[in-house]
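Bear in mind that the values here come from a model prediction, so they are computed numbers and not experimental data.
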Amino acid sequence: MAAPLAVLREAAAGTRRHRAGTVLVALVVATACAAVLLSSGRAVAVRDAVLTRLDEVALRTVVLRVTSPEWSLPPALVDTLDRVDVVEEVTGFGAPVDLVHADLPSGTPVAARTAYGRGFSSERDLAVAGPQAVVSAQAAADLGLGGRAAGALRDPDGAVVPVTGALEVPEHLAAFEPLVLLTGTAADPGPITVVVAQVAHVEDVLVLETLARDLAAPPGPDLLTIETAAALAQVRMAVSGDLLRAERATLVLSVAGASVAVAAILLVLVVLQRKDFGRRRALGATRALVAGLVLAQTALVATVACAVAGAGTWVWLHLTAPSGAPRPALVVAVGTLVVLVACAAAVGPAVLAARRDPVRELRVP
């Protein structure tokens, strides 16, 4: 443990002795780190903002609709889709039935449906037993319930359906507002005419569309329609790919330029300090120790420079950039990469320093 600490102490002392070289290396490394964050980091922040807009729930929703009363989707389809990794939520709906306020036969009718699946964040099964109904806030207003999720509704056959609770509609079912759900039984949810599935990412829409069509297997091509934002999914993938290629190009150019500059500066410093390295070798320092000192000095200076440049750039972007600053994890990753590149660029000069001949370097002219 003592040897590494001694090397670090000597490296720190060396950086203080050769302030000009230390400042040059620090400036190059800090500039490279800041350049990557200002270009690639800002591009990542912009990409994340753009992709977040393209990842809105409405664009991640796939809707299967049965177009004929003679055919319906099996409940097993909902269960199967619920087990697919890319699917976050899936709900099956039965055929709609118009309901009105029990005391207002001429009131505004609202379509009510049986529901099957796990379509809400509360994780409760929507298919619970009992002839009851739950209504959304918009449905309660349209039905004339006075903004309360209580009262009674009447179906076209005259049967009364009590309202037993409020319904919090998740985002992927917002298109079905005003929404009234009729309870049924999990064993017999009735014929399913609509299935709504929400995927994790927009690019998963195309995958789920193909999978859902294969699983539904309609007996005729006109019996099932699938509504998706497939065009926007393709746009998202194209945007993501273009931005990613631009980020990579900027990153490679910045890091390559920094590595060349660091290597050039260290080569000059090794030449200027050749007598110092010769004395160390004459006093018994091994080649590995001399090379380790050069690498330790570079790593120490690069780490401090990246920490200062990374923190300063992140704060500046956070305060001034419309798209915000990149994630702190990206700042740490960029700083780590630049430090590693600087150390890699220092390998050549370190080997050159370690191979200095002490007799030749200490020879008096």
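- Taken from CG in Asp98 to CG in Leu153, the straight-line distance is 11.5 Å, to the nearest 0.5 Å.
- The minimum heavy-atom distance linking Val87 with Glu89 is given by the pair CG1-O, 3.5 Å.
- When the options Val195, Ile192, Leu181 are evaluated for a side chain to side chain contact (heavy atoms under 4.5 Å, CB included) with Phe93, the one that passes is Leu181.
- Criterion: ILVMFWY side-chain heavy atoms under 4.5 Å apart, direct or through other members. Under it, Leu215 and Val199 are part of a common hydrophobic cluster.
- A continuous path of ILVMFWY side-chain contacts below 4.5 Å connects Leu223 to Val66, so both sit in one hydrophobic cluster.
- The CD atom of Glu88 sits 9.5 Å away from atom OG1 of Thr61, with the distance rounded to the nearest 0.5 Å.
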**OP:** Show your reasoning for whether side-chain contact (heavy atoms from CB on, under 4.5 Å) applies to Trp71 and Leu224.
**Re:** CA-CA 9 Å; Trp71 181 72; Leu224 180 69; 4.2 Å; yes

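- Val308 and Val29 fall into different hydrophobic clusters, where Ile, Leu, Val, Met, Phe, Trp and Tyr side chains are chained together by heavy-atom contacts under 4.5 Å.
- Taking Ser136 as the reference, Glu177 meet the side chain to side chain donor-acceptor pair (under 3.5 Å) condition, with sequence neighbours excluded.
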**OP:** List the steps and the verdict of side-chain contact (heavy atoms from CB on, under 4.5 Å) for Asp155 and Leu99.
**Re:** CA-CA 5 Å; Asp155 66 15; Leu99 298 181; 3.4 Å; yes

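- Leu27 and Val25 are assigned to two separate hydrophobic clusters, defined by single-linkage of ILVMFWY side chains at heavy-atom distances under 4.5 Å.
- Between the Arg154 side chain and the Val100 main chain, no donor and acceptor come within less than 3.5 Å of each other.
- Scanning both residues, Pro218 and Arg213, for their nearest heavy atoms gives CD-O, 3.9 Å.
- In this structure, Val110 and Pro178 approach most closely via the heavy-atom pair CG1-O, 3.8 Å.
- The line from CG of Leu77 to CG of Asp82 is 11.0 Å long, rounded to the nearest 0.5 Å.
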Identify every side-chain donor-acceptor pair in residues 332-351 under 3.5 Å, counting partners at least two apart or on other chains, and give the distances.
| unit_1 | atom_1 | unit_2 | atom_2 | d |
| --- | --- | --- | --- | --- |
| Thr336 | OG1 | Val332 | O | 2.8 |

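- Annotation: side chain to side chain donor-acceptor pair (under 3.5 Å) contacts of Asp79 (sequence neighbours excluded): Tyr116.
- Taken together through direct or relayed side-chain contacts under 4.5 Å among Ile, Leu, Val, Met, Phe, Trp and Tyr, Leu104 and Val160 form parts of separate hydrophobic clusters.
- For the pair Thr67 (side chain) and Asp222 (backbone), a donor-acceptor distance under 3.5 Å is present.
- Considering OG1 of Thr225 and CG of Leu64, their distance stands at 8.0 Å, rounded to 0.5 Å.
- Residues Ala139 and Val180 share a closest heavy-atom pair of CB-CG2, 3.7 Å.
- Between the CG atom of Leu143 and the CD atom of Gln138 there is a distance of 10.5 Å, given to the nearest 0.5 Å.
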Original post:
After noting the C-alpha distance and the side-chain angles of Thr164 and Val134, does the key distance pass the side-chain contact (heavy atoms from CB on, under 4.5 Å) rule?
Top reply: CA-CA 6 Å; Thr164 59; Val134 289; 4.1 Å; yes

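- One finds the CG atom of Leu206 at 12.5 Å from the CG atom of Leu211 (value rounded to the nearest 0.5 Å).
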